[in-house]
Amino acid sequence: MKKITLFCLVLMLAAALFPAAALADDTGALSEGELGAWVNQVLKDTIGKEPLNAPVGEDARTENGYAFIYDFATLYYDKPVLDAQSVLDAISVTGETYAAPRGITLGASEDALLSTFGWQNPYLMGDGSFSSFYCVDVLPQAAYWSWGQHDDNWQLMNMQCAVHVMTAENTYTDAMLHFDLEDGAITAIRVEGLSRLITGEAVSTNLEAVRAVEAAAGMDAMNSEHAEGYAVRSEAAMFGAEDLAFNGMDFRTMDAGTLEKALGQHPQSTETINQHMTATWADAYCTCGSDGTEVLGIATSAIEGPRGIRVGDALDKVLGLFYSDGEGRTEGSFALLYGDGSTLPTATMETGDVTMLNYSANADGKNITLSLTFAENMLQEWVLYTW
C-alpha cells in the first residue's frame, strides 16, 4: 500500500519534537505520535484485503468521504479508487475487539474511558453540560485538548481528543478521536480530520472554549457538591471484612509487635492504661486490648493499607477504590457516598480545611471504620478503629 496521509506524514516529522510518552505521562493528552502510530497500524491491517463493498462506487460516498468497509473498521478516502494519491480522512472502528488508541474497544465502560483519557477530571466537573479533561498549549508548535458532554445524571455521552500540530505558518492539523457512549458503555469510536487543516486562530478558538469549561469547573469546585467528590461514581466493593488483612498484617489479630516488624523500628514510646496498650512511632501508632486491635494509625507511605492505599495517594484515586453510588446526597455537613450515614455499611465524606473519608462496616461482629485524611487532595493519614 503506497499511499500515505498528510496527517501521518506530519506526525512522523513532528514525533521527534513532541514525544508521545512524555505528553501522556504528564497530562494524559493524546499525542500526534500516538495517534499516528495507530492510524498507520490500521492501514497495515488493510494490506492485501479487499473492502467488503468492493468495487467502491459513488453509492459509498458519505460526508466523511468514500467508505471502504473492512471487517474491523471502515476507512473514508477522498475518492473511490485507492492509489498513491488517495487521502485518508476518517476511520470508524466496527470490530468489537479491534482496539482504538490505548486499547479502548467498543463496549468498554465509561469508567475505563475516563481512567484512560479523563483521569484528571473523573467527576466530570465543568459547566453543567461539558467537562474538560486536559488542555495543553505549546503553541506555536502544537496544542492538545479533550472534553466530553454528559447528561443530567452525570453520565458521559461523548468524548473528543484533539491533536493540532503546526504544518506550516498559521496552519495546523485538526485530527479528532471521538467516542460516543450510551448507558455507560462505548457505542462508537472514530477518528476524523486526518487530512483537515485549520488556522492558528481556529486552534486558539478551540482552546478558549475548553478553557471556558475549565473556568466553569473552577467555580464548580467552589460551589458544587459534585466538585467535592460527593457525586463520584465507583463500582468497586464496599468497605468490609476482607479489607482488614493487608501488608502481611490482619487488623483483627495484630499487635504492637506486628506493626514494629512491618515498620522495622522499635516504638518511640508505649503506654498501658486499663489493659489497653498504645505503641507510638514517629508516623504510626496502634492501640491493642485484650480483645484485639482497637486502633491503627498510619502516616507513612512505608505501610500499604486496605486495597493498596498509601500516604501520598490522590483523593480521586482513593475514592475510586471503594464503592460510591454517585447520587450526591448530603446529610448535615456530610456527603453520603453510600448508605444513610448511620446504618452500616455506610460511607461519608466531609470537607473543610482537610477532607475526610469514612468507610464503616460491621466485620466479624465489630463495628469498624476506615478513616482517611487528605490535605490538598493528597492522603496524609489513614486510621482503622473499632467502635
Side-chain angles (χ1 to χ4, degrees), residues 236-315 317-319 321-323 332-334 337-387:
M238 295 181 184
F239 172 73
E242 64 278 4
D243 295 307
L244 302 182
F246 49 86
N247 202 69
M249 303 184 294
D250 193 315
F251 178 76
R252 293 161 290 197
T253 59
M254 66 174 288
D255 56 19
T258 307
L259 185 54
E260 179 178 339
K261 182 178 179 181
L263 291 168
Q265 301 175 8
H266 295 301
Q268 294 179 341
S269 65
T270 60
E271 182 180 19
T272 301
I273 301 176
N274 296 330
Q275 298 184 332
H276 297 271
M277 194 273 279
T278 298
T280 304
W281 289 258
D283 44 22
Y285 62 93
C286 67
T287 298
C288 302
S290 58
D291 196 27
T293 314
E294 298 169 347
V295 182
L296 171 65
I298 301 294
T300 172
S301 61
I303 300 293
E304 183 180 272
R307 306 200 187 182
I309 61 171
R310 287 185 185 273
V311 167
D313 282 349
L315 173 61
K317 174 184 177 181
V318 176
L319 281 166
L321 294 175
F322 297 87
Y323 176 74
S333 62
F334 293 90
L337 299 178
Y338 62 83
D340 61 10
S342 57
T343 306
L344 302 184
T346 191
T348 63
M349 181 176 184
E350 184 178 19
T351 58
D353 293 336
V354 297
T355 298
M356 293 192 68
L357 302 180
N358 290 287
Y359 297 92
S360 300
N362 185 281
D364 301 331
K366 292 184 178 180
N367 293 337
I368 299 180
T369 292
L370 170 62
S371 182
L372 307 105
T373 302
F374 296 80
E376 298 182 352
N377 291 327
M378 303 298 289
L379 181 59
Q380 305 297 310
E381 179 184 30
W382 55 270
V383 180
L384 273 170
Y385 63 91
T386 60
W387 49 281

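What you see below is based on every heavy atom in this structure, not just the backbone, and it leaves out hydrogens, waters and symmetry mates.
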Side chain to side chain contact (heavy atoms under 4.5 Å, CB included) between Asn367 and Leu344, worked out: CA-CA 8 Å; Asn367 293 337; Leu344 302 184; 3.2 Å; yes

Side-chain contact, heavy-atom cut-off 4.5 Å: [X] with [Y]?
X      : Y      : answer
Ile368 : Phe239 : yes
Met349 : Asn358 : no
Val311 : Ile303 : no
Glu294 : Cys288 : no
Leu321 : Ile309 : yes

Using the salt bridge (charged side-chain N to carboxylate O under 4.0 Å, His left out) criterion, which residues pair with Arg307? Sequence neighbours excluded.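 Applying salt bridge (charged side-chain N to carboxylate O under 4.0 Å, His left out) to Arg307 gives Asp243.
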
Could you tell me which non-hydrogen atom of [X] sits nearest to which non-hydrogen atom of [Y], and how far apart they are?
X      : Y      : answer
His276 : Asn274 : CD2-O, 2.8 Å
Met249 : Ala262 : SD-CB, 3.9 Å
Ala361 : Gly240 : CB-CA, 4.2 Å
Ala256 : Cys286 : CA-SG, 3.7 Å

Going from [atom1] on [X] to [atom2] on [Y], what distance comes out if it is rounded to the nearest 0.5 angstrom?
X      : Y      : atom1 : atom2 : result
Tyr285 : Ile298 : OH    : CD1   : 9.0 Å
Met356 : Glu350 : CE    : CD    : 7.5 Å
Leu370 : Leu357 : CG    : CG    : 8.5 Å
Trp281 : Gln265 : CH2   : CD    : 9.0 Å

Which donor-acceptor pairs under 3.5 Å do the side chains of residues 374-387 make with protein atoms, sequence neighbours left out?
unit_1: Gln380; atom_1: NE2; unit_2: Met378; atom_2: O; d: 3.0
unit_1: Trp387; atom_1: NE1; unit_2: Thr369; atom_2: OG1; d: 2.9

Can you run down the side-chain hydrogen bond (donor to acceptor under 3.5 Å, both in side chains) pairs that involve residues 249-263, sequence neighbours left out, and say none if there aren't any?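 side-chain hydrogen bond (donor to acceptor under 3.5 Å, both in side chains) check on residues 249-263 returns Asp250-Arg252, Arg252-Asp364, Asp255-Thr258, Glu260-His266.
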
Is a side-chain N or O of [X] found less than 3.5 angstrom from the main chain of [Y], in a donor-acceptor match?
X      : Y      : result
Thr346 : Gly341 : yes
Asp340 : Ser342 : yes
Thr293 : Phe251 : yes

Mind running side chain to side chain contact (heavy atoms under 4.5 Å, CB included) on Tyr338 and Tyr359 for me, showing each step along the way? CA-CA 9 Å; Tyr338 62 83; Tyr359 297 92; 3.9 Å; yes

Determine whether more than 12 heavy atoms belonging to other residues, nucleotides or ligands lie under 6.0 Å from atom NZ of Lys317.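 Atom NZ in Lys317 is not packed in, count stays at 12 or less.
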
What verdict does the side chain to side chain contact (heavy atoms under 4.5 Å, CB included) test give for Leu296 and Leu259, after you've listed the backbone C-alpha separation in whole Å, the side-chain angles of each residue and the deciding distance to 0.1 Å? CA-CA 9 Å; Leu296 171 65; Leu259 185 54; 3.8 Å; yes

Under the side chain to side chain contact (heavy atoms under 4.5 Å, CB included) criterion, do Leu372 and Val318 qualify, and how do the steps go? CA-CA 9 Å; Leu372 307 105; Val318 176; 4.0 Å; yes

